[in-house]
Amino acid sequence: MLTIEDFNRSSFDIQREQTFEYGEFFDVNSSRDRLISLYYYNEYLVEVYFNPYINEVEKFLALSIFEAADKYIDLSEILVEV
């Protein structure tokens, strides 16, 4: 299993292999003209950027759980006024 740093420095082929062979699908989001799938891998998340117009994965990006939370969770939906 690769660390976040090693994953992000790895070649596209290694990132693909590690994500799809050892990662666990977590969620999918759409962002403009891209689909971003999230996979849980080695205690962090991997974003898989898929371009539906060309039907290909364009890139992989590993990020910590905290980075993913900051990016994907809207705190206004969680916080409740007392």
Side-chain angles (χ1 to χ4, degrees):
M1 296 284 207
L2 302 171
T3 65
I4 289 177
E5 295 81 14
D6 289 339
F7 184 94
N8 285 331
R9 283 191 293 250
S10 295
S11 71
F12 183 87
D13 290 335
I14 290 173
Q15 291 174 337
R16 182 182 60 225
E17 175 188 300
Q18 293 295 305
T19 300
F20 296 137
E21 189 167 332
Y22 302 109
E24 180 179 335
F25 176 78
F26 183 72
D27 195 12
V28 66
N29 295 287
S30 60
S31 173
R32 297 188 194 125
D33 57 348
R34 302 288 183 269
L35 295 175
I36 302 172
S37 297
L38 298 173
Y39 284 78
Y40 181 76
Y41 170 84
N42 196 26
E43 300 185 15
Y44 56 86
L45 292 174
V46 175
E47 293 177 320
V48 179
Y49 290 81
F50 179 77
N51 184 332
Y53 298 112
I54 59 174
N55 200 30
E56 288 184 10
V57 172
E58 293 183 322
K59 74 175 183 174
F60 296 87
L61 179 65
L63 61 161
S64 74
I65 299 294
F66 298 109
E67 292 170 317
D70 287 342
K71 187 171 183 178
Y72 292 105
I73 296 175
D74 183 1
L75 291 180
S76 67
E77 293 179 7
I78 296 174
L79 299 176
V80 178
E81 290 186 34
V82 186

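Worth knowing before you read on, the calculation uses all heavy atoms, side chains too, and leaves out hydrogens, waters and symmetry mates.
Residue Ser10 comes nearest to Gln15 through the heavy atom pair O-NE2, 3.5 Å, listed as atom of the first residue, atom of the second, then distance. Summarising the geometry of Gln18 relative to Met1, their closest heavy-atom pair is OE1-CA, 4.5 Å, with the distance given to 0.1 Å. Across all their heavy atoms, Ser37 and Val28 have their closest contact at OG-CG2, 3.7 Å.
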Checklist entry - Please walk me through it: do Glu56 and Asn51 pass side-chain hydrogen bond (donor to acceptor under 3.5 Å, both in side chains)? => result CA-CA 6 Å; Glu56 288 184 10; Asn51 184 332; over 6 Å; no
Next on the checklist: side-chain contact (heavy atoms from CB on, under 4.5 Å), that's the test. Do Asn29 and Leu35 meet it? Break it down for me.
Outcome noted: CA-CA 6 Å; Asn29 295 287; Leu35 295 175; over 6 Å; no
Item to check | Check against ring-ring contact (aromatic ring centres under 6.0 Å, His included), Tyr41 and Tyr22 | outcome: CA-CA 7 Å; Tyr41 170 84; Tyr22 302 109; 7.0 Å; no
Checklist entry - Does the side-chain contact (heavy atoms from CB on, under 4.5 Å) test come out yes or no for Ile36 and Phe50, once each step is laid out? => result CA-CA 6 Å; Ile36 302 172; Phe50 179 77; over 6 Å; no
Next on the checklist: Would Glu47 and Lys71 count as a salt bridge (charged side-chain N to carboxylate O under 4.0 Å, His left out) here? Give the steps.
Outcome noted: CA-CA 11 Å; Glu47 293 177 320; Lys71 187 171 183 178; 2.8 Å; yes
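Tracing side-chain contacts under 4.5 Å through hydrophobic residues (I, L, V, M, F, W, Y), one never reaches Val57 starting from Leu38; they form parts of separate clusters.
Within the 6.0 Å centre-distance limit, the rings of Phe60 and Phe20 are counted as a close aromatic pair. For Phe26 and Tyr39, the ring centers sit 6.0 Å or farther from each other.
Considering only heavy atoms from C-beta on, Leu63 stays 4.5 Å or farther from Ile4 through its side chain. At a threshold of 4.5 Å between non-hydrogen side-chain atoms, the residues Leu2 and Asn42 do not count as touching. The shortest distance between side-chain heavy atoms of Tyr53 and Asp33 falls below 4.5 Å. In this structure the side chain of Leu45 reaches within 4.5 angstrom of the side chain of Ile65, judged on heavy atoms.
In this structure, the separation between CZ on Phe7 and OG1 on Thr19 is 3.5 Å, given to the nearest 0.5 Å. Between the NZ atom of Lys59 and the OH atom of Tyr49 there is a distance of 5.0 Å, given to the nearest 0.5 Å. Atom CD1 of Ile14 sits about 12.5 Å away from atom CD of Glu21, to the nearest 0.5 Å.
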